[in-house]
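Since the structure comes first, as structure tokens, the remarks are kept for the end.
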Amino acid sequence: MARTDVVTRFAPSPTGYLHIGGARTALFNWLFARHHGGRFLLRVEDTDRERSSQGAIDAIFDGLSWLGLQGDEEPVFQFARMDRHAEVAQMLLDSGNAYRCYTSPEELTAMREAQRAAGQPVRYDGRWRDRDPAEAPDGVPPVIRLRAPQTGETVIADAVQGDVTFANDQLDDLILLRADGTPTYMLSVVVDDHYMNVSHVIRGDDHLVNAARQSLIYQALGWDVPVFAHIPLIHGADGAKLSKRHGALGVDAYREMGYLPEAVLNYLARLGWSHGDEEIFSMAQAAEWFGLDAVGRGASRFDFARLENLNGHYLREADNDRLTVLVAERLDIAADDPAFARILGLMDGLKERAKTVVELADSAAFLTASRPLTMNAKAAKLIAGDAAQVLAGVRDALVALPTWDVATTEACVKGYAEAHELKLGKVAQPLRAALTGSNMSPGIFDVLVALGREESLARIGDCV
RNA sequence: GGUCCCUUCGUCUAACGGUUAGGACGCGAGAUUUUCAUUCUCGAAAUAGGGGUUCGAUUCCCCUAGGGACUACCA
């Protein structure tokens, strides 16, 4: 039974934040596991002690949990399994599938330069492959290399890329254990994936060649090779490698820019994968549909316009209480602040007009402003001239209202406009300016109600 | 340089030998409207180029061009 269980994993190295490409890799692994009722595991590849940091680990876990992509088990830390990796290297040594290499880094550099100069492929030449260890120079700690086959070919049956064939003479004897005894990435991934029973390795395209190398290690060990699936990388809007300038930001940056996790998830799922004409769907729905065969093979470009559109959709669908909390955080308003209730009250009208939480907060800011309002240029124009008389008249009509709701204020303002033979816009626009300090806002009667009678009348009064 | 991968509207993609090459974002026009949005309708917009295979190629093969990955005692 254990043989057929689907186990996927996301294995980031904690040398930075969780960038958008990593998030998508995690998502695809998660989706695949969910689709098959399997498990999705997390493994922190922290064997590079120099570059790994706790801050990065925290950032990655934060990003994952914001997206709701938690692992199904406690995360595994690769560094803690070093002994196991070393054991396996010893096994390989014992079985003759690995050997000690005493070439110094300087010699290696010289070798590569010579190869490059001669126009030859650059790779380890196997100089210690068959040499007697008795010839080992004194005081040089050896690395352990895999004795890889030098002829034949290695084919990776990739679930996304199809069969990819590598000639074995293109793959040199990779290092398993460094001179200081620590395992390299190649060794630890294989060992950990094996012991974690990972059935499907879904990762970035940049690992395709590694798959061939790792496959050689599996073979030397006599272990089953997992199914590989190398998904194309995400490029920037200009088609070049994703850089910070165009989207290779941490997922926390997307939260900061006001995107909702469900929008980011939907966007990412649809980038490089599709299910017919489906564009907007939940992750539960995506999990039902997801399959590696529908993952595209070409790199895709990151498109902020599309993300923004999706975000607008999810914003409109989002719960008002939730959005109000998000806006209040950005506006630095406490839950017992009167402005909090105003924002919540106007949220229906507000969220319909925003693409991001940042815009939402901006558009809600007038609800928290203190009088007298500062007008933007267009609003100032709207209340100039004879608009003051109109505002004074509307205020007088409004003051007389027995109740204060959308229906009564609307009837009142429209009645005033008709009585004075004014187009509604002639009344509503100055009113909007007086109330919000802007020429754009949600429906003016909704604004009146959200602000409340007292504040509304006071704001109008400031302009007459 | 070597090895490997990729190539349908501007972008994300559908069409797994036979379609007027479909959808979505964005863009343009219009409708609705108290502003801005939302919503609705309509429109422009693509098979990188060249050879084959085939009755028939977006689809299969080859070449070219362009893009990308890898080429560490990093992961």
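Scope of the values below: all heavy atoms of this structure, side chains included, with no hydrogens, waters or symmetry mates. Chain naming here is simple, since letters A, B, ... match the order of the sequence lines and numbering starts at 1 in each.
At a cut-off of 3.5 Å, with distance as the only test, no side-chain donor of A:Asn266 or A:Glu262 sits close to an acceptor on the other residue.
Side chain of A:Leu271, nearest nucleotide from B:C6, B:C12, B:A75: B:C12. Closest to the A:Ser13 side chain, of the nucleotides B:C25, B:A75, B:A24, is B:A75. For A:Arg270, taking side-chain heavy atoms from C-beta onward, the closest of the listed nucleotides B:C73, B:C12, B:C4 is B:C12. In the set B:C5, B:A75, B:G68, B:G68 carries the atom at the smallest distance from any side-chain atom of A:His235. Considering only the side chain of A:Phe166, B:C4 comes nearest among B:C4, B:C70, B:G23. The listed nucleotides are B:U34, B:A72, B:A69; the one nearest the side chain of A:Ile444 is B:U34. Closest contact between the side chain of A:Arg316 and the listed nucleotides B:U38, B:G22, B:U13 involves B:U38. Candidate nucleotides B:A24, B:C73, B:U13 were compared by shortest atom distance to the side chain of A:Ser300, and B:U13 ranks first. In this structure, the nucleotide among B:U35, B:C5, B:G2 sitting nearest to the side chain of A:Arg432 is B:U35. You'll find that the side chain of A:Asn309 is closest to B:G26, out of B:A75, B:U3, B:G26.
Within the structure, every side-chain polar atom (N or O) of A:Thr182 is placed at least 4.0 Å from both OP1 and OP2 of B:C73. Under 4.0 angstrom from either OP1 or OP2 of B:A14 there lies at least one side-chain N or O belonging to A:Ser274. A close approach under 4.0 Å does occur between a side-chain nitrogen or oxygen of A:Arg297 and OP1 or OP2 of B:C6. Taking only side-chain nitrogens and oxygens, A:Arg112 comes nearer than 4.0 Å to OP1 or OP2 of B:A72.
Among the atoms of the strands shown, none is found under 4.0 Å from any heavy atom of A:His230.
Between A:Phe28 and A:His200, the ring center distance fails the sub-6.0 Å criterion. A ring-centre distance under 6.0 Å is not found for A:Tyr314 and A:Tyr259. In this structure, A:Trp128 has its ring center no closer than 6.0 Å to that of A:Tyr99.
Interface remark: the A:Arg306 side chain does form a donor-acceptor pair with the B:A24 base, using a distance-only criterion of under 3.5 Å. Side-chain atoms of A:Asn210 come within donor-acceptor range of the base of B:A75, with a qualifying N/O pair under 3.5 Å.
Taking the ring axis of A:Tyr267 as reference, the NZ or CZ atom of A:Arg306 does not stay both within 45° of it and closer than 6.0 Å to the ring centre.
When both distances must be under 3.5 Å, the Watson-Crick or G-U wobble mate of B:U58 does not exist.
Rounded to the nearest 0.5 angstrom, A:Leu187 CG and A:Leu146 CG are separated by 9.0 Å.
Taking atom C1' on both nucleotides, B:U11 is separated from B:U47 by 16 Å, rounded to a whole Å.
Within residues 351-366 of chain A, the residues having any heavy atom under 4.0 Å from RNA chain B are, by residue number, A:Glu352, A:Arg353, A:Lys355.
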